[in-house]
There are 2 protein chains.
Amino acid sequence: MIQAIDRAAGVLHALQGARHLGITELASELGLAPSTVHGIVKSLQAHGLVVKEPGSQRYMLGPTLLKLSNVYLDTHEVRARAMQWTRELARRTGCSIRLGVQLFDEVLVIHHNRRPDGSQQMYETGLSLPSHASALGKVLLAYDLDFADKVLEGALRPLTGDTVTEPTALRKELEGVVSASIATERDEAVLGESAVAAPICDRSGAVVAAVEIVMPTTEYPPSDEVLNDLRQTARTISREVGGSDWPPRPMRID
Amino acid sequence: MIQAIDRAAGVLHALQGARHLGITELASELGLAPSTVHGIVKSLQAHGLVVKEPGSQRYMLGPTLLKLSNVYLDTHEVRARAMQWTRELARRTGCSIRLGVQLFDEVLVIHHNRRPDGSQQMYETGLSLPSHASALGKVLLAYDLDFADKVLEGALRPLTGDTVTEPTALRKELEGVVSASIATERDEAVLGESAVAAPICDRSGAVVAAVEIVMPTTEYPPSDEVLNDLRQTARTISREVGGSDWPPRPMRID
DNA sequence: GAATACTATTCGATATTGTCGAATGGCGTT
DNA sequence: AACGCCATTCGACAATATCGAATAGTATTC
């Protein structure tokens, strides 16, 4: 591990959280000397990874990140293969669809199809959610035993009054996910919003992503027909990326 | 400048270009020892900035970039303020709209409104274009004299047979941009696609972004009415971010 | 405008870290 | 199994990153 790179990543992470920070604030947050942080920030700035806020002394994340993330999305094979299927799923169900992957202890939305009704909807690609409070995340937890262990040993933060924060209750729920090949979430992340999700596995059998149907809670639970459509979509996408055995089995990756 | 951070950014840049690279390839590309590159890559990997390609020894860009870029987009004040206006512009003109900023010698699309006709369209946020071959980029060049000098001292790469690659011709065109407060592009970036763009300036008078209407070349040139709508939109957005004098003046930033 | 307080930036000595060559391990092909 | 190529580990030490002190810049108050 190269310390200077770790520290640079720490600056990016701090700016991800607080959005705008001055050098002294960053130094305090990272426990480093201001002149050290200044060197790090200037190096990141030279590459467009951070920029100085117009008209102030504070720094924020920079445009190079957007360009790089565009390449990340282009390069992501599961996403590329899933897109046509998620679009069709959105059309057939009339719901918005999310494709998510694990990022540390969270789930990151890497593709989003809006609900086809033409309503104004937030763009969600790049959004991260706590894994325990989203159907996407519960799928990833259910099939990656190390990930589940790690998340369940920390505190499960309540996002709403309905979020499951009791570890034994969540473990039991994850067992049910594997039985049904479907994870559910009702009002746990955002009040009024519920979802169901299914796993996407690759050639090695590992669950590498999940696909989720999001709906207003007034339309929850979805019919068996919708659930089966979701399973079929997940299976189809899995097959496209070499995952021939669906549903997958929970495993330890390393 | 911290060398290790520069080198890490070099790795990200190499992966942005070639998408998938092994350690030896990266080492060759960067002119460093394989063991040095290995250390850099492992440090980036620990933060999710790069990942190992499933089932191979090659590396590619990682999910953290997407999360960070989402924060970048959220933090970008011009973009936040522009969004409602570009949406209205798309609705009124029936065309797709791009909002762009300078990233080194290119223009980076930071917001995109699809054409309202419901047709299938590529998601363009995060896309970068050569500045000389796009209306967005020409606006940025016209108002930032240092940027123009820098781009015009390098070779202007032809993207199509219509791309203006003669420096004196482009300089003359940039003068016309300032006169009209509108830049144009016909088939210069992509055959069959043309565009007009206008500048967005901030409180200091600097042009910090441009807004562009994109249309099929069969619909080019747009009417005066559309051009005035574009100017008005650029002016409105400028005013929202403190740019009270529109149209702006060309300037040197430093 | 001057004084003050706070933050950013520069500078240079030096402790620490990153680098790279050599060795070892891993993987794919024949 | 042998071979070739690439990835990874290891350790010596040169180079670099770090941090404290000094300086410069900025905003606020009187």
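The chains referred to below are lettered A, B, ... by the order of the sequence lines, with proteins before strands, and numbering in each begins at 1. These figures come from a predicted structure and were not determined experimentally.
- Residues A:P34 and B:Q57 each lie close to DNA chain C; by heavy-atom proximity, the contact nearer the 5' end of the strand is made by A:P34.
- The phosphate of C:dT7 (OP1 or OP2) has no side-chain N or O of A:K52 nearer than 4.0 angstrom.
- B:F104 is linked by a ring pair (Phe, Tyr, Trp, His ring centres under 6.0 Å) to nothing, counting only residues two or more places apart in sequence or in another chain.
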Point to revise | Verdict with reasoning, B:K67 to A:E106, per salt bridge (Lys or Arg N to Asp or Glu O under 4.0 Å) | key: CA-CA 11 Å; B:K67 187 171 181 187; A:E106 297 184 306; 2.4 Å; yes

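- Taking atom NZ of residue B:K42 and atom P of nucleotide C:dC20, one finds them 19 Å apart after rounding to whole Å.
- Between A:Y123 and B:Y123, the ring planes are parallel. Angles under 30° get that label, and only those over 60° would be called perpendicular.
- Contact annotation: A:Y59 side-chain N/O to C:dT9 OP1/OP2 distance is under 4.0 Å.
- With no hydrogens or angles considered, a side-chain donor-acceptor pair links B:S56 and B:E53 at under 3.5 Å.
- At a non-hydrogen distance threshold of 4.0 Å, B:G22, B:I23, B:T24 from residues 8-24 of chain B come into contact with DNA chain D.
- With sequence neighbours left out, the salt bridge (charged side-chain N to carboxylate O under 4.0 Å, His left out) criterion links A:R19 to B:D74.
- A:E29 is linked by a salt bridge (charged side-chain N to carboxylate O under 4.0 Å, His left out) to nothing, counting only residues two or more places apart in sequence or in another chain.
- Within the structure, ring pair (Phe, Tyr, Trp, His ring centres under 6.0 Å) contacts touching residues 65-85 of chain A (residues at least two apart or in different chains) are A:Y72-A:H76.
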Output a table of nitrogen or oxygen pairs between the protein and nucleotides 16-18 of chain D separated by less than 3.5 Å.
residue, atom, partner, partner atom, Å
D:dT16, OP1, B:Q3, OE1, 3.3
D:dA17, OP1, B:Q3, N, 2.7
D:dA17, OP1, B:A4, N, 2.9
D:dA17, OP2, B:Q3, N, 3.4
D:dT18, OP1, A:R7, NH1, 2.7

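- For D:dA7, neither phosphate oxygen OP1 nor OP2 lies less than 4.0 angstrom from any side-chain nitrogen or oxygen of B:H38.
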